[in-house]
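Data first, discussion second: the structure below is written as structure tokens.
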Amino acid sequence: MLVRAGRFRLYAAVAKGGFRRYSTYRVATAAGVFTNTVFGIILAYTYIALWDERPGLGGYDQSQALTFVWLGQGLLTVMSLMGSGFESELIERIRTGDIAVDLYRPADLQTWWLSADLGRAGFQLLGRGVVPLVAGALVFDLALPAEPLRWAAFLLAVLFGVVVSFAIRFLAALSAFWLMDGAGTTQLASLAGVFFSGMLLPLSVFPGALGEFARALPWSALLQVPVDVFLGTRSGAGLARMYAFQLGWAAVLLTAGRLLQHAATRRVVVQGG
């Protein structure tokens, strides 16, 4: 019990360190908020033109579609959809061999990086997520929920989405053990994330089999699911199924990451021996 409590405190400290680390980049945060707000305005007017031509597209009215835009801008860095998370640092440690030190530490590699990434995501949610949404609400008519419970349900979906995002990026970064450079893998994962998360268009807009395929992929857990929770398109059993979808992908991907981590550890041991 004491060992578990000690490990919990360790990973909590790592998460806190991740939060504090990103909070030091104040100029970059301000620039990111400005960029997200500008792109949000551009996308919002694009959506207005599209929904004027196709009212009810994807099952959303125009207000809901605009809310989708601003939530997307707010969650862009929270979910690390375009990279800039821990991946580059982990890949560099693998490339230089410093990862061997990490693997021999009495701390789990995957849980360590997950804790740090949760801290990063927490800061990005406060530092770059809130302001664009507030700016969008001041300029456009957004479908903001009045019920506190729906805000809480949304934040829970965001948390689950961050875990899925981490699991995808952790797998991509570990590919560097075999490819010597995981940059290509992480870039492919980022491109897939932008397209299949709903960042460009809600996945419900995608036609037929493509839409069903996109909604079944793990990237939809990063943006499409949290936004649908925010908009209240699912409740009761439907909401539970959305959470189960996120948690299912998180379990599958984290398990795959742990198996890949064990394989990488054996590789390091063999090479070191």
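The residues of the chain are indexed from 1 along the displayed sequence. The shown structure was predicted, so the numbers you read here are calculated from the model rather than taken from an experiment.
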Excluding Tyr25, membership of its hydrophobic cluster (Ile, Leu, Val, Met, Phe, Trp, Tyr; side-chain heavy atoms within less than 4.5 Å) reads Phe19, Tyr22, Phe123, Leu126

Using a 4.5 Å side-chain heavy-atom cut-off and chaining through intermediate ILVMFWY residues, the residues clustered with Phe34 come out as Val38, Ile42

Can you tell me how far the [atom1] atom of [X] sits from the [atom2] atom of [Y], to the nearest 0.5 Å?
| X | Y | atom1 | atom2 | value |
| --- | --- | --- | --- | --- |
| Leu203 | Glu212 | CG | CD | 12.5 Å |
| Leu223 | Leu200 | CG | CG | 10.0 Å |
| Leu142 | Gln62 | CG | CD | 11.0 Å |
| Leu10 | Asp108 | CG | CG | 10.5 Å |
| Tyr60 | Phe68 | OH | CZ | 5.0 Å |
| Met79 | Leu125 | CE | CG | 8.5 Å |

Are the side chain of [X] and the backbone N or O of [Y] linked by a donor-acceptor pair below 3.5 Å?
| X | Y | result |
| --- | --- | --- |
| Arg20 | Gly119 | no |
| Thr233 | Asp228 | yes |
| Tyr243 | Ala153 | yes |
| Ser63 | Ala143 | yes |

Nearest heavy-atom neighbours spanning Leu75 and Pro226:
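Nearest heavy atoms, Leu75 then Pro226: CD1-CB, 4.3 Å.
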
On a heavy-atom basis, which atom in Gly59 and which in Gln64 lie closest, and how many Å separate them?
O-OE1, 3.9 Å

Take a 6.0 Å sphere around CD of Glu53 and say whether it holds more than 12 heavy atoms from other residues, nucleotides or ligands.
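Not more than 12 within 6.0 Å, no.
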
hydrophobic_cluster_shared for [Y] and [X], side chain cutoff 4.5 Å:
| X | Y | answer |
| --- | --- | --- |
| Trp151 | Val229 | yes |
| Leu149 | Leu144 | no |
| Val158 | Leu247 | yes |

Ile168 side chain near Leu253 side chain, heavy-atom distance below 4.5 Å:
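Of all side-chain heavy-atom pairs linking Leu253 with Ile168, at least one is under 4.5 Å.
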
Is the shortest side-chain heavy-atom distance between Asp102 and Trp112 below 4.5 Å?
no

Compute the centroid of each ring, for Phe196 and then for Phe206, and state whether the two points are separated by less than 6.0 Å.
no

Phe160-Phe245 aromatic ring centre distance below 6.0 Å:
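Phe160 vs Phe245: aromatic centres not under 6.0 Å.
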
Partner residues of Trp219 under the ring-ring contact (aromatic ring centres under 6.0 Å, His included) criterion, sequence neighbours left out:
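Partners of Trp219 by the ring-ring contact (aromatic ring centres under 6.0 Å, His included) criterion come out as none, since no residue qualifies.
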
side-chain contact (heavy atoms from CB on, under 4.5 Å) between Asp141 and Leu66, intermediate numbers included:
CA-CA 8 Å; Asp141 178 24; Leu66 290 173; 5.6 Å; no

Would Leu254 and Gln110 count as a side-chain contact (heavy atoms from CB on, under 4.5 Å) here? Give the steps.
CA-CA 8 Å; Leu254 288 174; Gln110 186 184 60; 3.8 Å; yes

Passing option when Thr186 is tested against Ile91, Leu90, Leu171 for side chain to side chain contact (heavy atoms under 4.5 Å, CB included)
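Option passing the side chain to side chain contact (heavy atoms under 4.5 Å, CB included) with Thr186: Ile91.
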
Using 4.0 Å as the upper bound for N to carboxylate O, is an ion pair formed by Glu89 and Arg21?
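A salt bridge links Arg21 with Glu89.
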
Mind running side-chain contact (heavy atoms from CB on, under 4.5 Å) on Phe39 and Leu76 for me, showing each step along the way?
CA-CA 11 Å; Phe39 273 99; Leu76 177 64; over 6 Å; no

Determine the interplanar angle of the Phe154 and Phe230 rings, folded into 0 to 90°, and report it as parallel if under 30°, tilted if 30 to 60°, perpendicular if over 60°.
perpendicular

Evaluate side-chain contact (heavy atoms from CB on, under 4.5 Å) for Gln73 paired with Thr37, printing each intermediate quantity in order.
CA-CA 7 Å; Gln73 291 303 305; Thr37 303; over 6 Å; no

